[in-house]
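Since the structure comes first, as structure tokens, the remarks are kept for the end.
Atoms within each ligand, like the ligands themselves, are counted from 1 in listed order. Positions are given from 1, in the same order as the sequence printed here. Keep in mind that the numbers below use all heavy atoms, side chains included, and drop hydrogens, waters and symmetry copies.
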Amino acid sequence: MATMKNIPLILMGCGGVGRQLLQHIVSCRSLHAKLGLHLRVVGVCDSKSLVVASDVLSNELNDNFLSEVCRFKVDGSSLLTLGGWGECQVFKNSELKEKVIDVASVMGKSTGLAVVDCSASSETVGVLTRVVDLGCCIVLANKKPLTSTMEDYYKLVSHPRRIRHESTVGAGLPVISSLNRILLSGDPIHRIIGSLSGTLGYVMSEVEDGKPLSQVVRGAKSLGYTEPDPRDDLSGMDVARKALILARLLGRRINMDSIKIESLYPEEMGPNVMSVEDFLSTGISLLDNDIQERVRKASLNGNVLRYVCMIEGSRCEVGIQELPKNSALGRLRGSDNVLEIFSRCYSEQPLVIQGAGAGNDTTAAGVLADILDIQDLFL
Ligand SMILES: NC(=O)c1ccc[n+]([C@@H]2O[C@H](COP(=O)([O-])OP(=O)(O)OC[C@H]3O[C@@H](n4cnc5c(N)ncnc54)[C@H](OP(=O)(O)O)[C@@H]3O)[C@@H](O)[C@H]2O)c1
Ligand SMILES: *[C@@H]1O[C@H](CO)[C@@H](O)[C@H](O)[C@H]1NC(C)=O
């Protein structure tokens, strides 16, 4: 049998997505072996600690250990408590960052170590910019590092072949890779418009059917479709982060503050003014009539309302738009994401990408595909 090509990686973040990624890695063992590949997990960290194989150049955290890590984290325990389990070393918070950088300096240039960010933290950007310099590849599901300053962004993308972040927009959907293919072929992209929040997609299509906004949001929350505080979805901030990532990919040098964001609730119903309970029981009902009226007006023009991100010329906006019923976005029902891309090649009819845009499984699958996509650099 030919020698296996090892792909070493460190995982940052062990929540819903990070744990699912570890499970995918383990369950794909024989598939990857047939391709001559072996994913070697040398370290895993959460917010408080880092677990590393005792000798990162030759050892790995084995599959039993990875399953144990997942069991620990589901129970809400810290990785710190895993000390003494097998051939690994445990580092606590204060040493975490330096230790990842140590491993990166030993392995980066020689192996292309992949540092995978499945955290939801804005603090990882410092480590990521350092390890890129040390020759590592970086793979992100976390949007925050890419939506920090322009300076950080340029550092992260300074070696385009060494970064993948497919799951930051549309989870596992091939959004970033499709845009990159179009851009690299010199086909200018004029306009991108998309529904990139499963929650807001669902809310807008239910409201279109005549249901009151308040009832739809309460229902979505009880089904677990929203964040614990639904205002985190309704504010549009998450969509705005995705819009910024797409705009920067298209070459716009902009920051969060140049994106026009429409929140679905007014400031006086914000989290600093009103509890979630008050918002859901009384606040949100006050918004029902206004949105119903907008839906009605749109339908008189043969249009529907969608909560979209829209990038065109120097415009980058996030909010409700009136769109033709007879378009991919107009036909959208339920929680799918839909992205329409207009370019020279796709000018009359857009390129449309549609499918589930959230969920631990699809998001982690996108991350895994990204890790495999960069491995050919180090054959
Ligand atoms: N779930 C989805 O559908 C989806 C879709 C697309 C993108 N994403 C993105 O994927 C990322 C992960 O999502 P998730 O749902 O798995 O989040 P999550 O369940 O909140 O998990 C976050 C994990 O990151 C760890 N963490 C926090 N700060 C850290 C730091 N400074 N360094 C290293 N690890 C740190 C947390 O540690 P503790 O365990 O110690 O708290 C936790 O294990 C997020 O950025 C999210 O936006 C998610
Ligand atoms: C993702 O994982 C988290 C943490 O395990 C869990 O609470 C959540 O329900 C999962 N989400 C989905 C859509 O499966």
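- The pair D209-R333 counts as a salt bridge, with a side-chain nitrogen and a carboxylate oxygen less than 4.0 angstrom apart.
- Neither the backbone nor the side chain of K144 has any atom closer than 4.0 Å to an atom of ligand 1 (non-hydrogen atoms only).
- In this structure the side chain of N326 reaches within 4.5 angstrom of the side chain of R331, judged on heavy atoms.
- Remark: side-chain polar atoms of N255 are not paired, donor with acceptor, to backbone N or O of D257 under 3.5 angstrom.
- Proximity to G13 (heavy-atom distance under 4.0 Å) selects the following atoms of ligand 1: 23 (C), 24 (O), 25 (C), 34 (N), 43 (O).
- At the shortest separation from atom 20 (O) of ligand 1 among protein heavy atoms lies A120 CB, 4.5 Å.
- The heavy atom nearest to atom 46 (C) of ligand 1, considering only G366, A171, A141, G76, is found in A141.
- Those atoms of ligand 1 that come under 4.0 Å of a heavy atom in N360, given as number and element, are 1 (N).
- Using a 4.0 Å cut-off between charged nitrogen and carboxylate oxygen, D238 and K143 count as a salt-bridge pair.
- Side-chain contact between F279 and L234 is present, with heavy atoms from C-beta onward closer than 4.5 Å.
- Of all the heavy atoms of C118, the ones lying under 4.0 Å from any atom of ligand 1 belong exclusively to the backbone.
- Side-chain atoms of I193 and L323, non-hydrogen and from C-beta on, do get closer than 4.5 Å to each other.
- The protein heavy-atom contact nearest to atom 36 (C) of ligand 1 is S47 N, 4.1 Å.
- Counting heavy atoms from C-beta outward, Y202 and T199 have side chains that stay 4.5 Å or more apart.
- By the 4.0 Å N-to-carboxylate-O rule, R306 lies close enough to E208 to be salt-bridged with it.
- Of the candidates S67, S77, S78, S77 is the only one forming a side-chain contact (heavy atoms from CB on, under 4.5 Å) with F72.
- Distances below 4.0 Å separate heavy atoms of S167 from the following atoms of ligand 1: 6 (C), 7 (C).
- Distances below 4.0 Å separate heavy atoms of C14 from the following atoms of ligand 1: 23 (C), 42 (C), 43 (O).
- When only interatomic distances are considered, the shortest N/O to N/O separation between V17 and ligand 1 falls below 3.5 Å.
- Partner of V42 under the side-chain contact (heavy atoms from CB on, under 4.5 Å) criterion, chosen from D55, L61, V56: V56.
- Note: an N/O pair closer than 3.5 Å links S119 and ligand 1 by distance alone.
- Residue-to-ligand polar distances keep A358 apart from ligand 1: every N/O pair is separated by 3.5 Å or more.
- In terms of protein heavy-atom proximity, atom 28 (N) of ligand 1 is closest to S121 CB, 3.5 Å.
- The shortest distance between side-chain heavy atoms of L200 and L264 falls below 4.5 Å.
- When heavy-atom distances to ligand 2 are checked against 4.0 Å, the residues falling inside are G16, R19, N360, ordered by chain and number.
- Closest of all the heavy-atom pairs between R19 and C14 is NH1-O, 3.1 Å.
- Using a 4.0 Å cut-off to heavy atoms of T363, the atoms of ligand 1 that qualify are 2 (C), 3 (O), 4 (C), 5 (C), 6 (C), 7 (C).
- Contact between I261 and A240 at its shortest, heavy atoms only, is CD1-CB, 3.6 Å.
- Close approach of ligand 1 to D46 (heavy-atom distance below 4.0 Å) involves ligand atoms 32 (N), 33 (C), 34 (N), 35 (C), 37 (O), 38 (P), 39 (O), 40 (O).
- In terms of protein heavy-atom proximity, atom 47 (O) of ligand 1 is nearest to K143 NZ, 3.3 Å.
- Atoms of ligand 1 lying under 4.0 Å from any heavy atom of G16, numbered from 1 in the order shown and given with element: 16 (O), 19 (O).
- Residue G18 has no N or O atom closer than 3.5 Å to an N or O atom of ligand 1.
- Considering backbone and side-chain N/O atoms, G357 never comes within less than 3.5 Å of an N/O atom of ligand 1.
- Protein heavy atom nearest atom 21 (O) of ligand 1, with residue, atom name and distance: G15 CA, 3.3 Å.
- Close approach to K73 involves these atoms of ligand 1, each under 4.0 Å from a residue heavy atom: 38 (P), 39 (O), 40 (O).
- Taking the side chain as every heavy atom from C-beta outward, I371 and L39 approach each other to under 4.5 Å.
- The single protein non-hydrogen atom nearest to atom 3 (O) of ligand 1 is G359 N, 2.7 Å, given as residue, atom name and distance.
- With respect to the salt-bridge test (charged N to carboxylate O, under 4.0 angstrom), the residues E166 and R164 do not qualify.
- Closest of all the heavy-atom pairs between K211 and Q292 is O-NE2, 3.2 Å.
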Worked check of side-chain hydrogen bond (donor to acceptor under 3.5 Å, both in side chains) between R344 and S185: CA-CA 11 Å; R344 188 191 64 226; S185 66; over 6 Å; no

